[in-house]
Each structure stands twice: as C-alpha cells, then as structure tokens.
Amino acid sequence: MPIQFHNTLTKSKQPLETLEKGVVRMYNCGPTVYSYPHIGNFRSFTFADLLRRYLEYRGYEVRQVMNVTDVGHLVHDADEGEDKLEAQARREKKDPWQIARHYEEIFLGIREKLGFAKALAHPRATDHIGEMIAIIETLLAKGNAYVVGSNVYFSVASFPAYGRLSGNVGDGLEAGARIEPHPDKKDPRDFALWKHDPQHIMQWDSPWGRGFPGWHIECSAMSQKYLGETLDIHTGGEDNIFPHHECEIAQSECANGKPFCRLWMHARFLLVDGQKMSKSTGNFLTVEDVFRKGVTPQALRYALSSTHYRQQQNFTWEACSAAQQAVDRLAEYRRGLADPAGTAPLSAVKSALDAAQKAFESAMDDDLNVSEALGAVFTMIRDVNKAGPGPAAAAAALELFDRFDSVFNVGAAPPDVFTAEEQALLDARVAARAAKNWAESDRLRGVLEAGGVLVEDRARGQRARRRR
RNA sequence: GCGCGUGUGCCGGAGAGGUCAAACGGUCCGGCCUGCAAAGCCGGAAUUCGGUGGUUCGAAUCCACCCGCGCGCUCCA
C-alpha cells in the first residue's frame with residue numbers, strides 16, 4: 001500500500017505522486033507575524049513538521065518552505081480597514097517593521113524549541129515585492145487582471161476553475177450576502193492584487209503607483225521562487241481554503257499556465273475546552289502561556305501531534321498533562337534501553353519490533369494516522385518491557401524507537417544534572433540505604449522529591465531523575 | 001440562511017458494515033515486584049459508540065431527520 005493523503009481538492013485520499021521521483025516540494029502557509037502565536041497556529045505548523053518528518057522517514061527529500069507574512073492584511077474587509085501589523089504597531093508604539101521582526105523571531109524561536117526540522121526557507125513577503133509585481137504584470141498582460149486607478153484586481157471570471165478547491169462557486173458566494181458590491185470591482189468575487197492607500201505605512205513603488213500587495217499574491221510569488229511553478233504539497237489551516245488558497249490557485253495557474261499544486265492538505269481547528277479559542281471567552285492560549293504552566297516542549301508537541309490533523313482537536317489542561325505523562329513514559333523507555341538491565345535475547349523481541357514497525361508504517365501511510373501509529377509504539381514498549389531485553393535486544397529496540405521518534409521527535413530526555421547539594425543528598429541516601437537506615441533514606445527521598453528530583457531504587461542501585 | 005465537517009468511556013482519542021463487550025495514552029482501583037516507594041508488569045473500570053427512526057442475516061460504522069459543536073460564505077492556523 002503506497003503512502004496516501006487526503007486531498008482537499010478531490011475530497012478523497014490518493015497515493016502520493018511527486019513531480020520528481022523521491023523529492024517533495026512542500027509549501028506551508030506560515031504565520032502573520034503581528035503577535036504571539038497561539039497553540040492553534042502551532043497545531044497547523046506541527047502538522048506540517050510531522051508531515052515533513054514522515055516523508056523523510058519514508059526516504060523522500062523534502063524541500064519545505066514556510067512563509068512569514070510581514071505585510072499586514074487588513075483587519076476588517078479586504079478593501080478597507082486597518083492593517084493588523086500597523087494596528088499592533090500603534091498599540092506597542094513601534095513601527096510595523098519592528099513588530100514584524102520581533103514576532104518573527106518569536107515564531108522561529110518556538111519552532112526551535114518544539115524541535116521542528118529546519119525548513120529550506122522562511123521567506124518574508126516584504127523581501128519579495130518585486131516578484132509579486134512581476135506576477136501581477138503577467139496577469140495583466142494575459143488579461144486575467146485589470147487596473148482601476150492605482151489598484152489592480154484579479155478577474156475571477158477569467159479563471160473558470162475558481163471555486164474548485166473550496167466548493168464556493170459563483171452564486172454561492174453572493175448568496176452569503178456578505179460581499180458588499182464594490183465600486184471598482186467588475187465582479188464581486190474579484191480580489192485585489194495591488195492596493196493603493198495613502199494611510200498605509202508599509203508601501204512600495206509599483207507600475208501602478210505607491211501601494212502594497214494584496215493578501216494572496218505573496219504565496220504565489222514565494223512558492224514559485226523557491227519551489228517552482230508546480231508544488232507537490234501545500235498545507236495550511238482549514239480557514240485558508242477559502243479565499244486564500246482558492247485565490248493562490250487562480251493567480252498562479254493563470255500566470256504560469258500550469259497546475260499550481262497537486263495535493264492540498266488542511267489541518268482542522270483546535271478548540272480549547274470544547275470551544276473556539278478567542279480572547280473574549282478567555283480561553284485564548286499562546287504557546288508561551290502553555291510553557292509558562294510548566295508543560296515541556298515535548299509534551300506540547302506530543303499534544304499537538306497526537307490528534308489526527310483532519311480531526312478537530314480539543315485542547316484541555318487534562319489532555320496536556322496526559323501528554324506529559326505519555327512523553328515521560330517514552331523518555332523512560334528510551335533511557336532504559338540505553339542501559340539495559342534484562343537478559344532477553346534479540347529473538348525474544350524480534351517479532352514485537354517487526355509487528356510494531358509494520359503497524360506504525362501502515363498507520364502513517366494512511367493519511368498520517370498518528371493515533372494508530374502511537375498505539376503501535378506503546379504496544380511495542382509494553383512488549384519489550386515485558387521481555388526484559390538484554391544488550392542486543394535493547395540495541396535493536398532502541399534503533400527502532402529512534403527511527404519512530406525521528407517522526408514525532410518527543411522521545412529524547414535531557415540528561416539529568418544535579419546541583420552539589422542535590423548530589424550530596426543522593427550520596428547520603430545511598431549510604432543510609434547501605435546501612436539499612438530506612439527512616440533516613442525515606443526522609444532524604446522526600447527532601448529530594450520536594451526539590452523536583454525523583455529517586456528510585458533499582459536492582460543495580462539508586463537512580464535519580466529530574467521531574468519535568 | 002446556504003455549503004462542508006463532526007459528536008465514541010471519568011478525560012484525550014483510534015476504529016468507518018461482521019474478527020468491537022470497542023486500539024492506544026491518561027486517570028482511578030486491585031495484584032506482582034520492592035525494606036517501603038518509584039519504574040515495570042498483570043488484571044479491573046464503555047453490555048456500548050449524541051437522539052429518534054430506517055436499510056441489512058448483522059451497524060459505532062450506511063441512510064433520513066432532529067439536537068450540539070466547528071469551519072467556509074468576512075480577518076483568523
């Protein structure tokens with residue numbers, strides 16, 4: 001069974017076919033850098049990283065690009081209102097460029113903290129104004145766009161396939177009755193490629209006068225520059241399907257006369273406590289908020305990965321601590337394998353390992369069924385623990401575990417380092433135990449535990465680890 | 001309002017016609033192990049899959065309607 005993914009374009013699963021054998025060109029819709037990213041943003045980004053890592057597990061070379069949107073979109077309507085970046089800039093009393101660089105840095109820092117694989121590029125929209133203008137000129141030359149004053153609009157009527165991705169076709173859009181008739185637009189569905197607004201702070205020169213690019217054009221320009229005119233995979237949150245991705249398809253295909261992207265994958269939204277996350281209901285959580293509660297990056301990563309990406313996920317603190325426990329269990333297992341205490345030969349675990357690998361891969365091949373894949377991992381852990389692996393068995397189990405973890409990237413535990421005082425307490429406890437002074441050893445264990453150091457007595461002696 | 005999706009135990013969450021008295025993780029209870037713990041292992045905790053009808057020899061899985069929630073039609077991952 002080949003790898004298959006659900007394609008938003010066809011609403012069905014289909015085998016992965018890449019333009020170039022063994023290479024996947026993947027573009028992920030990234031953040032607009034105007035504030036602290038919330039956990040919903042990172043659900044989508046974690047999904048992209050998981051996808052990339054599994055493709056690499058399967059031997060593909062993945063050329064991954066995730067944009068950074070640093071030109072604000074408008075707060076209200078597509079054609080009026082305030083730019084989000086500029087609004088934030090005003091709140092923070094900075095200029096929009098400072099805002100963009102600041103939050104970009106935070107975004108990249110979180111990626112690193114969560115153990116994301118490095119993308120080929122994180123291009124900024126503002127660094128690609130020239131490329132955007134070039135595409136707009138092509139669209140004008142081909143008759144897919146028109147100029148009204150200092151604005152340029154894309155003519156949706158010139159692209160009959162418009163609406164194929166989202167199912168929002170023609171009349172359906174107007175039936176929404178939320179599209180205000182726009183004096184400049186020939187068709188209410190038309191969208192801006194270049195806008196003129198003297199109030200806007202971020203502006204560039206263009207053949208149509210000073211202005212700034214429309215929302216959708218940056219992704220068409222940057223994906224093409226870094227990955228070529230046709231992409232293998234394009235991802236984003238479900239809210240990107242319309243209008244953003246629909247418009248990207250229209251622009252790119254009209255400009256290049258080639259299919260834009262073969263496979264569209266969209267992550268569903270994440271709810272918090274069963275409700276849509278929003279500032280007004282008070283359940284809005286940034287990634288920093290979660291870390292501040294003591295959740296480790298691995299646990300957050302696990303929590304955000306462990307629900308299938310096309311399944312709406314409900315984030316709760318209880319689920320978060322379950323994720324923390326799960327991740328600790330993985331780390332403990334790994335630690336045990338690195339220093340095996342058992343005697344079982346390789347043959348005793350071989351069939352469990354083979355079964356786990358088979359189950360893991362067939363689950364992940366099927367549109368990244370992470371729940372089932374993790375089920376296979378935990379089943380393997382139980383089987384191996386039960387066997388009590390000796391050195392050879394443990395080495396094989398460790399190798400497979402690390403291979404699985406190259407996808408999830410949550411199994412590594414930082415080495416446990418202790419302060420001099422902690423070490424003294426640990427040494428004292430060893431001595432107390434040797435003297436069978438149980439009262440004293442239990443007391444010391446209590447003291448250490450209160451300080452976050454967990455102590456356990458194993459057959460080969462005392463072992464300490466730091467609570468995470 | 002229109003379109004799309006979704007609803008499984010105490011919690012998270014797989015399963016998408018029989019092999020399901022429902023994987024896996026968490027939690028709780030009991031046991032083994034341990035000086036006691038911890039870790040690990042074993043066993044128990046849904047007679048049932050939002051509700052009501054229907055299709056079928058057979059439904060958590062298919063269909064209809066209803067209810068809840070989410071997404072799109074408007075900035076949002």
Side-chain angles (χ1 to χ4, degrees), chain A residues 8 11 28-32 37-48 72-78 81-84 166-169 171-180 215 235-244 246 266-271 274-278 302-303 306-330 332-333 335-336 341-342 359 363 369-379 381-382 384-388 433 436-439 441-442 445-446 449 454-459 462-465:
Chain A
T8 308
K11 287 189 174 32
N28 312 121
C29 262
T32 301
H38 57 67
I39 55 175
N41 296 125
F42 265 86
R43 181 192 192 192
S44 165
F45 305 152
T46 304
F47 152 64
H73 309 323
L74 300 178
V75 174
H76 300 295
D77 188 75
E82 196 175 16
D83 178 305
K84 279 192 276 196
S166 61
N168 286 337
V169 216
D171 298 343
L173 268 185
E174 292 167 69
R178 304 219 201 155
I179 291 191
E180 299 289 322
W215 174 27
T235 74
E238 61 176 316
D239 57 320
N240 282 150
I241 296 172
F242 190 90
H244 189 49
E246 194 75 75
H266 293 96
R268 274 221 211 307
F269 266 40
L270 171 143
L271 308 182
Q275 279 194 300
K276 182 181 173 153
M277 187 165 48
S278 86
Y302 184 97
S306 56
T307 299
H308 185 93
Y309 74 95
R310 275 192 303 115
Q311 181 72 29
Q312 194 169 75
Q313 175 177 15
N314 187 15
F315 183 95
T316 61
W317 289 113
E318 199 177 347
C320 216
S321 83
Q324 186 73 62
Q325 288 303 117
V327 159
D328 289 348
R329 184 165 149 84
L330 294 174
E332 271 302 287
Y333 172 73
R335 221 191 299 254
N369 189 337
V370 291
S371 306
E372 228 172 80
L374 287 168
V377 173
F378 283 106
T379 299
I381 289 177
R382 197 187 55 226
V384 171
N385 279 337
K386 209 186 308 187
R433 291 199 77 238
K436 294 204 191 305
N437 185 350
W438 306 130
S441 77
D442 289 352
R445 182 169 60 197
E449 207 172 305
L454 305 176
V455 183
E456 26 187 276
D457 301 311
R458 314 203 140 184
Q462 172 177 287
R463 216 206 81 190
R465 66 196 161 100

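Atom set for the values below is all heavy atoms of this structure, side chains included, hydrogens, waters and symmetry mates excluded. First the proteins, then the strands, lettered A, B, ... as listed; each starts at 1.
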Kindly write out the residues that satisfy salt bridge (charged side-chain N to carboxylate O under 4.0 Å, His left out) with [X], not counting sequence neighbours, or none if the list is empty.
X: R465(A); answer: E332(A), E456(A)
X: D239(A); answer: none
X: R43(A); answer: none
X: E238(A); answer: R268(A)

| said: Applying a 4.0 Å non-hydrogen cut-off, can you work out what G236(A) is touching in the nucleic acid: base, sugar-phosphate, or nothing? | reply: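 Here G236(A) touches the backbone only, sparing every base.
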| message | Categorize P37(A) for me: base, sugar-phosphate, or nothing, with a 4.0 angstrom heavy-atom threshold over every strand shown. | response |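 No contact.
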Whole angstroms only, please: what is the [atom1]-[atom2] distance between [X] and [N]?
X: K276(A); N: C75(B); atom1: NZ; atom2: P; value: 12 Å
X: L271(A); N: G12(B); atom1: CG; atom2: P; value: 11 Å
X: E238(A); N: G3(B); atom1: CD; atom2: P; value: 18 Å
X: F242(A); N: G72(B); atom1: CZ; atom2: C1'; value: 8 Å
X: Y333(A); N: G25(B); atom1: OH; atom2: C1'; value: 16 Å
X: R310(A); N: G5(B); atom1: CZ; atom2: P; value: 11 Å
X: Q324(A); N: C11(B); atom1: CD; atom2: C1'; value: 16 Å

Please name all residues satisfying side chain to side chain contact (heavy atoms under 4.5 Å, CB included) with [X], sequence neighbours left out, ordered by chain then number.
X: A464(A); answer: F418(A), L426(A), V453(A)
X: T8(A); answer: L165(A), I241(A), W264(A), H266(A)
X: N240(A); answer: C29(A), H244(A), H245(A)

Can a side chain N or O of [X] be found less than 4.0 Å away from OP1 or OP2 on [N]?
X: N41(A); N: A77(B); result: yes
X: K386(A); N: C42(B); result: yes
X: N385(A); N: C41(B); result: yes

| Does some side-chain heavy atom of M277(A) sit less than 4.5 Å from a side-chain heavy atom of L271(A)? |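 Heavy-atom side-chain distance check fails, nothing below 4.5 Å.
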| Should L374(A) and Y302(A) count as side-chain neighbours, where that means a heavy-atom distance under 4.5 Å? |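 Counting from C-beta outward, L374(A) and Y302(A) do come under 4.5 Å.
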| Footprint string (nucleotides 26-38 of chain B, 5' to 3'): B base within contact, S backbone only, - free, heavy atoms under 4.0 Å | SS-------BBBB
Between [M] and [N] - [atom1] atom distance, rounded Å:
N: G1(B); M: C62(B); atom1: P; answer: 25 Å
N: C66(B); M: C76(B); atom1: C1'; answer: 31 Å
N: A59(B); M: G15(B); atom1: C1'; answer: 13 Å
N: U6(B); M: C65(B); atom1: P; answer: 16 Å
N: C28(B); M: C10(B); atom1: C1'; answer: 9 Å
N: A46(B); M: C11(B); atom1: C1'; answer: 13 Å
N: U47(B); M: G9(B); atom1: P; answer: 10 Å
N: C49(B); M: U61(B); atom1: C1'; answer: 10 Å

Expected rows: protein N/O vs nucleotides 66-68 of chain B N/O, under 3.5 Å:
none

| task | Could you tell me which residues satisfy side chain to side chain donor-acceptor pair (under 3.5 Å) with R445(A), sequence neighbours excluded, listed by chain and number? | result | D442(A)
| message | As a test of your reading of the structure, name each stem of RNA chain B as range with range, where a stem is three or more consecutive Watson-Crick or G-U pairs at under 3.5 Å. | response | B:1-7 with B:67-73, B:10-12 with B:24-26, B:27-32 with B:40-45, B:50-54 with B:62-66
| request: Determine, answering yes or no, if F269(A) is stacked on A77(B) under the 5.5 Å centre rule and the 30° plane rule. | output: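 Yes, aromatic ring over the base.
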Contacts under 3.5 Å, N or O only, protein and nucleotides 13-17 of chain B:
unit_1, atom_1, unit_2, atom_2, d
G13(B), OP1, N314(A), N, 3.2
G13(B), O2', S371(A), OG, 3.3
A14(B), O5', S371(A), OG, 3.3
A14(B), O3', N369(A), ND2, 3.4
A14(B), O2', E372(A), OE2, 3.3
G15(B), OP1, N369(A), ND2, 2.6

